[in-house]
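Order of the sequence lines fixes the chain letters, A, B, ..., with proteins taken first and strands second; residue numbering starts at 1 for each chain. Values below: all heavy atoms of this structure, side chains included; hydrogens, waters and symmetry mates excluded.
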There are 2 protein chains.
Amino acid sequence: MARRTKQEADETREALLDAAEQVFLERGVARASLDEVARVAGCTRGAVHWHFRDKLGLFLALDERLLLLQDELKRRLLCNGTTNSPLRHMADAITGAMVDLEENPRRRRLLTIMLQRCEYVAEMAPALQRRREADQQVRAKLREQFQRAAEMGEMSEAWSPERAALFLHALIGGFLYEWLRGEAEFTLSGEVNNAVRGFLSCAVAKPGAATFY
Amino acid sequence: MARRTKQEADETREALLDAAEQVFLERGVARASLDEVARVAGCTRGAVHWHFRDKLGLFLALDERLLLLQDELKRRLLCNGTTNSPLRHMADAITGAMVDLEENPRRRRLLTIMLQRCEYVAEMAPALQRRREADQQVRAKLREQFQRAAEMGEMSEAWSPERAALFLHALIGGFLYEWLRGEAEFTLSGEVNNAVRGFLSCAVAKPGAATFY
DNA sequence: CTTTATATACATACGCGAAGGTATCTTTAC
DNA sequence: GTAAAGATACCTTCGCGTATGTATATAAAG
């Protein structure tokens, strides 16, 4: 085939990404063949190599779609103005992100690929690196919020901002893995919402807190 | 080569499993070649096919090593006799399992393979199935313990045994993922111990608990 | 106690398809 | 006219499955 208009080329690119999303999900990244991706997208491998160079390039381009999602969570976690309580603000942001995941099947597929259809070995190092950085940034945002809450006297001294952020991050991650694996044996936003509020109500400063152990 | 004595054959089998552990970890399950596994074990592909039929068989045999580990956690979670508090008992069992993971690099490698070096696609269904069952059993044990605690009046009514088990399971899983990915940026047993006790001290029945939101 | 028979525990060789990289060709937009 | 946007063809590598070879452990038979 011949040269397409720029818009058509962009459409081809998007079609390839959509196809990769589907094929990677079904076959796993390592077992997926570029030829199948191309066929699903309605073109040939020539187009794949033109737009993404090789399989890793294609994968990284897909990954960027997910990074956009994570950026959104980070945006939500930014304390906009002086809202009443940073803790409540965090809970709302997290719940919102979970609702997004539930409502947007494409995001769920992307997350599934990155967490369960991909082997993070040496050649995938750039992807792993990006993922770790994104995670660290989210944790940093959480810590900031806890820091603010602590300064407002809303946190129990039992929980340092650092530990609270680590706890919350692990908690959310754990729920995400369970949810992705179990094919919706529970509603993500519901349980995460409940869990996060439960944790926050516990970490919040209260005078008569019984100490366990 | 010729027929070996039964003991020698078992040694070969173990050597192959050890080699698979190493190669799967480095290359990922999908990209690993049976030939490399055999070479690392000091034999040829003939031995691999003899002992495990194919790659999936080899993988499942490796997986069984990890299942033995999970069985150990389940054993620990069994309430032995009438120990004082089921909650404390759970915390001890979990902490013990985490210490095991830290001290036993082989277990860590196995868990890394199963969680980060393996793409769970259709052909891996038997492996995925086994993993889900093992997880469910652990959750069931947790729920039983929470049930017992509730009957002894040790649980806040805000936490049903079901939800508490889901929460705790997700929490531990989240920490495990973070730990495996981050190359020990925190000590697993320390943080999990802290987190679990923190959660339990929160879920425990106490009269003057402030309700958040 | 031999001898024989058979299953065992691999090694070697062959065949083959699948998959990725690269080079070249073809149009067409700009 | 030139470079973009792909299609097509070719080549090579890799890795799996299978088939077959082979020497020995082992147990039964004599």
Side-chain angles (χ1 to χ4, degrees), chain A residues 1-20 22-62 117-119 121-124 126-127, chain B residues 1-20 22-62 117-119 121-124 126-127:
Chain A
M1 192 140 346
R3 180 174 185 182
R4 298 284 175 76
T5 175
K6 183 138 179 67
Q7 180 185 344
E8 284 173 325
D10 282 350
E11 287 172 8
T12 301
R13 193 190 135 94
E14 288 303 303
L16 283 171
L17 285 174
D18 289 345
Q22 179 186 328
V23 175
F24 284 176
L25 187 66
E26 285 173 6
R27 312 259 190 231
V29 175
R31 300 165 214 260
S33 79
L34 296 184
D35 187 68
E36 187 177 358
V37 171
R39 276 191 343 251
V40 168
C43 49
T44 67
R45 264 175 46 237
V48 178
H49 287 289
W50 172 256
H51 282 286
F52 306 102
R53 182 177 183 89
D54 56 12
K55 197 197 263 190
L56 181 60
L58 176 58
F59 179 79
L60 288 178
L62 246 199
R117 301 288 191 277
C118 173
E119 299 170 355
V121 291
E123 41 180 311
M124 303 288 278
Chain B
M1 193 140 345
R3 178 172 185 184
R4 298 284 176 74
T5 175
K6 186 149 175 59
Q7 178 185 345
E8 283 174 325
D10 283 350
E11 286 172 9
T12 301
R13 192 189 137 95
E14 288 302 304
L16 283 171
L17 285 173
D18 289 344
Q22 179 186 329
V23 175
F24 284 175
L25 187 67
E26 285 173 6
R27 312 259 190 232
V29 176
R31 299 166 214 262
S33 81
L34 297 185
D35 188 67
E36 186 177 359
V37 171
R39 277 194 339 252
V40 168
C43 49
T44 68
R45 262 176 49 238
V48 178
H49 287 291
W50 171 257
H51 282 285
F52 306 103
R53 181 174 184 89
D54 57 12
K55 197 197 263 189
L56 180 60
L58 176 58
F59 179 80
L60 288 178
L62 247 199
R117 301 289 191 275
C118 173
E119 299 170 355
V121 291
E123 40 181 312
M124 302 289 278

Would you say [X] reaches [N]'s phosphate, i.e. side-chain N/O to OP1/OP2 under 4.0 Å?
X	N	answer
B:Thr12	C:dA9	no
B:His51	C:dA9	no
B:Trp50	C:dC10	no

Pairs in or reaching into residues 32-53 of chain A: which pass side-chain hydrogen bond (donor to acceptor under 3.5 Å, both in side chains), with residues at least two apart or in two chains?
->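 Sorted pair list: A:Arg27-A:Glu36, A:Asp35-A:Arg39.
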Closest nucleotide among C:dC10, C:dC30, D:dG6 to the A:Lys6 side chain |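 Taking heavy atoms from C-beta onward, the closest nucleotide is C:dC30.
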Compare the minimum distances between each of C:dC10, C:dA11, D:dA7 and the side chain of A:Ala47, then state the nucleotide with the smallest one.
->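 Of the options given, the side chain of A:Ala47 lies nearest D:dA7.
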With sequence neighbours excluded, residues passing salt bridge (charged side-chain N to carboxylate O under 4.0 Å, His left out) with B:Glu123 |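 Partners of B:Glu123 by the salt bridge (charged side-chain N to carboxylate O under 4.0 Å, His left out) criterion, ordered by chain and then number, come out as A:Arg31.
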Backbone N/O of B:Ala30 and side chain of A:Glu119: donor-acceptor pair under 3.5 Å |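 Judged by distance alone, yes, a pair lies under 3.5 Å.
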Please examine the side chains of B:Val121 and A:Arg117, heavy atoms only from C-beta on, and report whether any two atoms are closer than 4.5 Å.
->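 Side-chain contact under 4.5 Å: yes.
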Are any non-hydrogen side-chain atoms of A:Leu58 and A:Leu17 less than 4.5 angstrom apart?
->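 They are in contact (side-chain heavy atoms under 4.5 Å apart), so the answer is yes.
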Atom pair distance, as rounded to whole Å: [atom1] in [X] and [atom2] in [N]:
X	N	atom1	atom2	result
B:Glu123	D:dG17	CD	C1'	14 Å
B:Arg39	C:dA11	CZ	C1'	15 Å
A:Glu14	D:dA5	CD	P	14 Å
B:Leu56	D:dC16	CG	P	13 Å
A:Asp10	D:dG6	CG	C1'	14 Å
B:Glu36	D:dC14	CD	P	12 Å
B:Leu58	D:dC16	CG	P	11 Å

Output a table of nitrogen or oxygen pairs between the protein and nucleotides 20-23 of chain C separated by less than 3.5 Å.
residue : atom : partner : partner atom : Å
C:dG20  : OP1  : A:Ala32 : O            : 3.4
C:dG20  : OP1  : A:Leu34 : N            : 3.4
C:dG20  : OP2  : A:Leu34 : N            : 3.0
C:dG21  : N7   : A:Arg45 : NH2          : 2.5
C:dG21  : O6   : A:Arg45 : NH2          : 3.0

Hey, what do you get for CG (B:Asp18) to CZ (B:Arg13), rounding to the nearest 0.5 Å?
->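 With rounding to 0.5 Å, CG (B:Asp18) is 11.5 Å from CZ (B:Arg13).
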Could you grab the distance from atom CD of B:Glu11 to atom CG of B:Leu16, nearest 0.5 Å is fine?
->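 Output value for this atom pair is 12.0 Å.
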